[in-house]
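These notes concern the structure reproduced below.
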Protein chains: 2
Amino acid sequence: MGIQRRPLREQIREELLLRLDRGDFAAGKDINEVVLAAELGVSRTPLREALITLAGEGVLESNQGRGFRFAPVSSKEFRELCEIVAGLESLALELSDPDELREMAPELLRLARGFPDPVAEQSEIEWHDDEWHDLLLGRCPNERLLDLVTSVKAGMRRYTHLIAGEDTLLEREAEEHCRIAEHLRAGDVPAATAALRDNWISGMERMTSRIPAAPGTA
Amino acid sequence: MGIQRRPLREQIREELLLRLDRGDFAAGKDINEVVLAAELGVSRTPLREALITLAGEGVLESNQGRGFRFAPVSSKEFRELCEIVAGLESLALELSDPDELREMAPELLRLARGFPDPVAEQSEIEWHDDEWHDLLLGRCPNERLLDLVTSVKAGMRRYTHLIAGEDTLLEREAEEHCRIAEHLRAGDVPAATAALRDNWISGMERMTSRIPAAPGTA
DNA sequence: TTCATGTATTCTGTATTCATAATTCAAGGT
DNA sequence: ACCTTGAATTATGAATACAGAATACATGAA
């Protein structure tokens, strides 16, 4: 590829999401723009542009005069996000060409089975999960829908690090992925859609207990 | 209410959406930030913040070095947006409390019937339609979902002015709204959901013919 | 001691300035 | 005549500067 020339705001946005994954930011804590800009080696302007973008995606919240903060986690919001993603992903599946889905099923199955690798890195696992879902939706012709899914999932990143080191959760996940892939291989899209919904809803229920109740935990 | 103190970027965003509704902007035409900022009486900074927000919502698109432009309309995108909103609104309906929906049904019916008012203003009609859908979804407990619907609908505003003066379209719309409300009154949420989906899909098909094919029409 | 009030400080929100990429147009060469 | 090339112009992307709101703190009264 040639020299990449992308707006700083996008690079900053990605860097912030990365840091979010690493759990660098205390949720609910105000962001100091000057400090963060200095840390990133950029000026406040593109930083603020990135912050505004993230606020639009629900990753951050902004209050007049008090700037931005990483939105505190709450089981209610997590539930809401899961419901949304479940709806969007199953919609994407319904809009995909059934034949192409069937073609893709073996690959999906292979990926799902190779899930609980020996002792994979945590970040590796999360990436793996994302990749599986991306592959699943890749054939959906509705590009706006795919963008939307990506955007909403960005808002869920605050919750992903909570599953750190939970092997049982991941096994259940892999199991359900297999089931979805099986349905697709059989050409039964409605069943696959239902299984996908279940995947998100049950995942939500498994997670919801480990979300701290009190919002203002310093 | 007290004194309103909101960031300029939000006010600017709304003003731009308003102008979009009025059809002030030629789709596909580049936006000159200096000129527009002067026109609005603000500096480029909050204007750019609003533009970035709108780009995140899909109303605008931005290309490196070439700034922002109102995304050209395309029947493909319109179809995609309709599919998304249909999915999101029916999801919202499914997540609502059936009893509350039934309580609300008479009001919905009343509004739907009062639809094709004598010779209402175009903007009035659009507002009326929005209000009906807002009322329909108002009882959904998933706040994030409602925000998302609002955001996606903002991206559809570029298409609303295309229905100007199409009475038959509006009549069909009112008719379908009645049908949805009837289902809700009967307590049949699945049927209402299906009707809502149909409402969007058929609306899409009715509209799709009047979207100019060529993107670069000055 | 506790609460209220005034002041100082910090940080955001907005404006302005600067640098550089993109576009336009004209001149020269094929 | 047409294409290429380069300078000039224009507009964006980014940095800096400024004004005002929000917060913290200290001082004083009840």
Side-chain angles (χ1 to χ4, degrees), chain A residues 1-17 19 24-72 215-216 218, chain B residues 1-17 19 24-72 215-216 218:
Chain A
M1 66 169 184
I3 300 168
Q4 67 169 346
R5 286 201 33 71
R6 289 167 54 217
L8 270 185
R9 58 173 179 275
E10 287 182 18
Q11 299 180 47
I12 294 172
R13 171 180 170 277
E14 287 177 16
E15 175 62 27
L16 291 179
L17 283 175
R19 294 190 177 204
D24 284 11
F25 296 104
K29 180 108 177 290
D30 280 350
I31 290 173
N32 186 319
E33 296 176 5
V34 179
V35 172
L36 186 53
E39 222 172 290
L40 296 170
V42 297
S43 78
R44 279 180 60 213
T45 306
L47 170 61
R48 276 178 61 84
E49 293 177 346
L51 294 175
I52 288 168
T53 302
L54 289 171
E57 295 174 329
V59 178
L60 303 179
E61 56 184 30
S62 74
N63 297 17
Q64 167 67 273
R66 298 199 301 182
F68 299 88
R69 61 173 55 189
F70 279 85
Chain B
M1 70 168 185
I3 299 167
Q4 69 166 347
R5 284 202 35 70
R6 289 167 54 216
L8 269 185
R9 60 172 179 274
E10 288 182 19
Q11 299 181 46
I12 294 172
R13 170 179 171 277
E14 287 178 15
E15 174 62 26
L16 291 179
L17 283 176
R19 295 191 176 201
D24 283 11
F25 296 103
K29 179 109 178 291
D30 280 350
I31 291 173
N32 186 319
E33 297 177 4
V34 178
V35 172
L36 187 53
E39 220 172 291
L40 296 170
V42 298
S43 77
R44 279 180 59 211
T45 307
L47 170 60
R48 277 177 62 85
E49 292 178 345
L51 294 176
I52 287 168
T53 302
L54 289 171
E57 294 174 332
V59 179
L60 304 179
E61 57 184 29
S62 74
N63 298 33
Q64 167 67 271
R66 298 200 302 182
F68 299 87
R69 61 173 55 188
F70 280 86

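- In this structure, L36(A) places its CG atom 13 Å from P of dC11(C), rounding to the nearest Å.
- Distance, L40(B) CG to dT14(C) C1': 14 Å, rounded to whole Å.
- The heavy-atom pair separating L8(B) from P46(B) by the smallest distance is CB-CB, 3.9 Å.
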Practice problem: Before giving the answer on side-chain contact (heavy atoms from CB on, under 4.5 Å), spell out for Q64(B) and E10(A) the whole-Å C-alpha distance, their side-chain angles and the decisive distance to 0.1 Å. | Solution: CA-CA 11 Å; Q64(B) 167 67 271; E10(A) 287 182 18; over 6 Å; no

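- With rounding to whole Å, L47(B) atom CG is found 12 Å from dT14(C) atom P.
- Between atom CG of residue D24(B) and atom CZ of residue F70(B) there is a gap of 9.0 Å, rounded to the nearest 0.5 Å.
- Among the nucleotides dG13(C), dT12(C), dT16(C), the one closest to any side-chain atom of T45(B) is dT16(C).
- Rounding to the nearest 0.5 Å gives a distance of 10.5 Å between CD of E14(A) and CG of L54(A).
- Residue L8(A) contributes atom CG, which lies 13 Å from atom P of dT20(C) at whole-angstrom precision.
- If you take CD of E33(A) and P of dC11(C), they are 11 Å apart, rounded to a whole angstrom.
- Distance L51(A) CG to dT12(C) C1': 12 Å, rounded to the nearest Å.
- Straight-line distance from the CD atom of Q64(B) to the P atom of dA22(C): 7 Å, rounded to whole Å.
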Practice problem: Carefully, step by step, assess F68(A) and E33(A) under the rule side-chain contact (heavy atoms from CB on, under 4.5 Å). | Solution: CA-CA 9 Å; F68(A) 299 88; E33(A) 296 176 5; 3.7 Å; yes

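- Counting non-hydrogen atoms under 4.0 angstrom, I31(A) reaches the backbone sugars and phosphates but no base.
- In 5' to 3' order, the nucleotides of DNA chain D bounding all contacts with chain A (an atom under 4.0 Å from a heavy atom) are dA14(D) to dT23(D).
- At the heavy-atom level, D30(B) lies nowhere under 4.0 Å from the strands shown.
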